[in-house]
Amino acid sequence: GAGVSQSPRYKVAKRGQDVALRCDPISGHVSLFWYQQALGQGPEFLTYFQNEAQLDKSGLPSDRFFAERPEGSVSTLKIQRTQQEDSAVYLCASSLARGTLYEQYFGPGTRLTVT
Amino acid sequence: KQEVTQIPAALSVPEGENLVLNCSFTDSAIYNLQWFRQDPGKGLTSLLLIQSSQREQTSGRLNASLDKSSGRSTLYIAASQPGDSATYLCAVEGTGFQKLVFGTGTRLLVSP
């Protein structure tokens, strides 16, 4: 079946612009995660949704970052007034349910470059 | 705060060699540990998931072990192939809503 998809795959933004990154999780997956991966680093957790509820946003680096999942399916990560340090790959992952038995399945990521 | 370290950062081997990738973590209170593979420009592919109560998991030529008390995991790749070339990441799931803490990865190059 279809995996996790993300769009756009690449985004170039001028400093100060707002951007919106979309994630389509695997159908039926309850849990959804956003991670940020800087060049040469491992992914770092940003935020977690269980259905439409945002249960953990402790990894969001500033109040310029905002995520939503209004209907418990598609999620959008929005970054306002982008800065150069926001340049990274943004990965979305979904999981069937909460619990240690369930693997996270990752999308291909959106590479954001802020100029 | 959980920290995950992977050694070596990069590894280059000829085809056919057996190899070991290492992962260590500072907080042994984990629920599980996952090994992922990342190809350039692509997302992460889950290779193996070891629950905290398990000692190892095997899938084909891959074998991952977990020693929770010492905060270590190893990924063993048997008879390496050029198609194994990728970055390998380990991640631990600790307390809190399933968020994974990743290491910085090991870049593996297997030459024909």
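Since this is a predicted model, take the numbers as computed values, not measurements. Within every chain, numbering begins at 1; the chains are lettered A, B, ... in the order of the sequence lines, protein sequences first and strands thereafter. All heavy atoms count here, side chains included; hydrogens, waters and symmetry mates do not.
Every residue was checked against the salt bridge (charged side-chain N to carboxylate O under 4.0 Å, His left out) condition with A:Arg15, not counting sequence neighbours, and none meets it.
Ring centroids of A:Phe49 and A:Phe33 are separated by 6.0 Å or more, keeping the two rings apart.
For a residue to count as touching a neighbouring chain, one of its non-hydrogen atoms must lie under 4.5 Å from one of that chain's; by this rule A:Tyr105 does not touch chain B. Interface remark: A:Gln37 contributes side-chain atoms only to the contact with chain B (heavy atom separation under 4.5 Å). For a residue to count as touching a neighbouring chain, one of its non-hydrogen atoms must lie under 4.5 Å from one of that chain's; by this rule B:Leu100 touches chain A with backbone and side chain alike. The part of B:Gln38 that comes within reach of chain A is its side chain, from C-beta onward, which places non-hydrogen atoms under 4.5 angstrom from that chain. Interface remark: A:Ser58 contributes side-chain atoms only to the contact with chain B (heavy atom separation under 4.5 Å).
With respect to A:Asp18 and A:Arg64, no salt bridge is recorded, no charged nitrogen being found less than 4.0 Å from a carboxylate O.
Every pair passing side-chain hydrogen bond (donor to acceptor under 3.5 Å, both in side chains) that includes a residue from residues 12-28 of chain B is listed here, sequence neighbours excluded: B:Gln2-B:Thr26, B:Asn18-B:Tyr76. For residues 106-115 of chain A, no residue pair satisfies the side-chain hydrogen bond (donor to acceptor under 3.5 Å, both in side chains) rule, not counting sequence neighbours.
Around the NZ atom of A:Lys57, the shell of radius 6.0 Å holds no more than 12 heavy atoms that belong to other residues, nucleotides or ligands.
Here B:Phe102 contributes atom CZ and A:Phe45 contributes atom CZ; the two are 11.5 Å apart, rounded to the nearest 0.5 Å.
Below 4.5 Å, heavy atoms of chain A meet heavy atoms from B:Thr104, all part of residues 104-112 of chain B.
A donor-acceptor pair under 3.5 Å is absent between the side-chain atoms of A:Glu44 and the main chain of A:Gly59, judged by distance alone.
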